[in-house]
J.: 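Right, I'll just put the structure down here and ask away after.
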Amino acid sequence: MILVTGATGTVGGEVLRLLVDRGAPIRAMTREPARLRLPADALIDVVQADFDRADSLHRAVAGVDSVFLLTAPGAAGSVAEHDLAMIRAARAGGVRKVVKLSAIGGKADDAADLPSLRHRAGEQALAASGLTWSALRPSSFASNTLSWSDAIRAGNPVPNLTGTGAQGVVDPRDVAAVAVEALLTDEHDDAAHTLTGPELLSVPDQVAQLAAELGRTITTVEVPPHAVRQQLVSAGFEPSVADSAVDGYQLVRDGGNAVLTDDVERILGHPARAFRAWAHDHRAAFVAGEEYP
Ligand SMILES: NC(=O)c1ccc[n+]([C@@H]2O[C@H](COP(=O)([O-])OP(=O)(O)OC[C@H]3O[C@@H](n4cnc5c(N)ncnc54)[C@H](OP(=O)(O)O)[C@@H]3O)[C@@H](O)[C@H]2O)c1
């Protein structure tokens with residue numbers, strides 16, 4: 001049995017779908033089972049659990065061999081606490097392997113070959129836990145551009161938080177496919193992989209590719225770091241979480257996340273999907289009046 005956390009989200013939802021295709025026995029974890037969109041005819045066990053409630057995690061891991069661990073930052077920034085809570089439950093529950101979705105650390109200073117600060121404590125605890133582990137460190141998701149869909153649909157400029165800083169934008173479907181390989185084989189045990197797309201792209205580059213896909217002009221508007229911080233705090237983010245988000249945007253702005261690897265191609269046996277292909281498959285999200293998803 002494989003426990004998929006984050007099962008209602010972008011990567012976890014795709015992990016679920018791919019595991020169903022591979023015929024693996026699955027348990028999907030969510031705080032709100034009604035939000036779960038299960039593949040048709042799939043026989044999936046569903047568990048209602050919350051990283052903030054240890055008792056629910058013990059129920060979630062009962063009888064489980066492997067866990068796909070996805071801990072999202074949210075407004076309170078509790079990634080490390082949530083990682084540690086699941087690692088504790090996994091050890092107590094006799095789980096064998098945990099595949100953790102982490103994040104790229106960039107190439108600045110001491111960050112070489114390290115995950116992002118947000119995921120570092122969880123990765124370190126997992127590697128020291130005695131459990132078999134894998135850590136997947138993706139670059140920026142292509143799907144982050146969905147946050148621009150309202151602006152693009154309305155003909156407004158897209159907010160640019162990272163200037164001309166380029167990143168190895170990765171398709172979350174590739175991230176999920178690598179996670180499935182790590183869950184179903186032993187080839188990625190006790191190893192970390194840095195997952196990027198095939199090309200370095202800035203926000204203006206991504207906007208240009210979306211514009212070409214949609215056959216129209218899209219403009220951008222610069223949002224300076226202090227304004228980003230203000231917006232995050234006003235939206236309810238803890239100031240420390242807002243600060244670390246702004247630090248991340250600054251790193252990208254300074255070229256510190258201009259990293260490409262061939263890990264996706266090496267693991268999946270086909271080239272990493274390009275942003276252009278993601279944009280084509282999700283064009284409806286950016287067209288006024290079209291239904292999406
Ligand atoms: N976006 C990027 O560019 C990027 C790049 C590298 C790494 N990452 C990493 O990718 C992860 C986010 O992946 P995603 O985009 O697939 O996530 P997502 O779509 O935002 O989904 C978040 C998931 O987390 C679950 N969740 C949140 N709080 C929870 C809690 N307290 N207990 C249990 N489940 C909880 C939600 O489930 P319910 O609401 O159903 O409970 C939901 O399924 C983060 O770890 C992030 O650091 C992101």
Side-chain angles (χ1 to χ4, degrees), residues 3-18 27-38 46-61 67-86 89 98-106 111 114-123 126 135-148 161-162 165 167-179 192-197 201 203 206 241 244-245 248-249 251-252 257 259 261 263-264 275 278 293:
L3 176 70
V4 178
T5 68
T8 56
T10 307
V11 177
E14 182 67 7
V15 167
L16 211 57
R17 201 183 62 73
L18 293 173
R27 181 177 297 157
M29 177 172 131
T30 169
R31 291 167 299 177
E32 281 182 70
R35 288 187 52 226
L36 202 54
R37 285 197 284 157
L38 297 175
V46 177
V47 64
Q48 182 170 24
D50 187 326
F51 289 119
D52 287 320
R53 287 186 25 232
D55 58 320
S56 72
L57 295 183
H58 290 295
R59 274 201 319 278
V61 299
V67 174
F68 174 64
L69 175 57
L70 185 148
T71 44
S78 21
V79 165
E81 289 88 337
H82 289 176
D83 281 340
L84 298 183
M86 179 53 93
V98 173
V99 173
K100 173 175 161 50
L101 183 64
S102 178
I104 192 168
L114 286 174
S116 72
L117 268 177
R118 178 180 286 156
H119 286 279
R120 212 165 286 178
E123 271 206 35
L126 185 56
L136 310 180
R137 301 170 180 166
S139 187
S140 181
F141 294 171
S143 50
N144 293 349
T145 58
L146 289 172
S147 69
W148 304 339
L161 281 50
T162 49
Q167 311 188 73
V169 175
V170 66
D171 191 317
R173 293 172 295 189
D174 283 342
V175 176
V178 169
H193 299 299
T194 299
L195 308 178
T196 75
L201 297 172
V203 164
Q206 286 181 282
V241 178
S244 80
Y249 294 130
L251 177 86
V252 175
N257 196 28
V259 176
T261 72
D263 289 13
V264 168
F275 178 71
W278 182 92

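Being a predicted model, the structure only gives us computed values, none of them experimental. Order of listing sets the numbers, starting from 1, for every ligand and every atom in it.
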J.: Keeping T5 on the side-chain end and F68 on the backbone end, is there a donor-acceptor pair under 3.5 Å?
T.: yes
J.: Which pairs with one or both residues in residues 46-55 pass side-chain hydrogen bond (donor to acceptor under 3.5 Å, both in side chains), sequence neighbours excluded?
T.: D52-H82
J.: Kindly tell me which protein residues have any non-hydrogen atom under 4.0 angstrom away from an atom of ligand 1, grouped by chain and ordered by number?
T.: G6, A7, T8, G9, T10, V11, M29, T30, R31, R35, A49, D50, F51, L70, T71, A72, P73, H82, L101, S102, A103, H119, P138, S139, S140, F141, N144
J.: Is a side-chain donor or acceptor of T196 paired with a backbone partner of S139 at a separation under 3.5 angstrom?
T.: no
J.: Distance-only criterion, 3.5 Å: show the donor-acceptor pairs between side-chain atoms of residues 6-17 and protein atoms not counting sequence neighbours.
T.:
unit_1: E14; atom_1: OE1; unit_2: R17; atom_2: NE; d: 3.2
unit_1: E14; atom_1: OE2; unit_2: R17; atom_2: NH2; d: 2.9

J.: Would you check if the side chain of R120 reaches a backbone N or O of L114 as a donor-acceptor pair within less than 3.5 Å?
T.: no
J.: List for me each residue that meets salt bridge (charged side-chain N to carboxylate O under 4.0 Å, His left out) alongside R173, sequence neighbours excluded, and say none if there are none.
T.: D171, D281
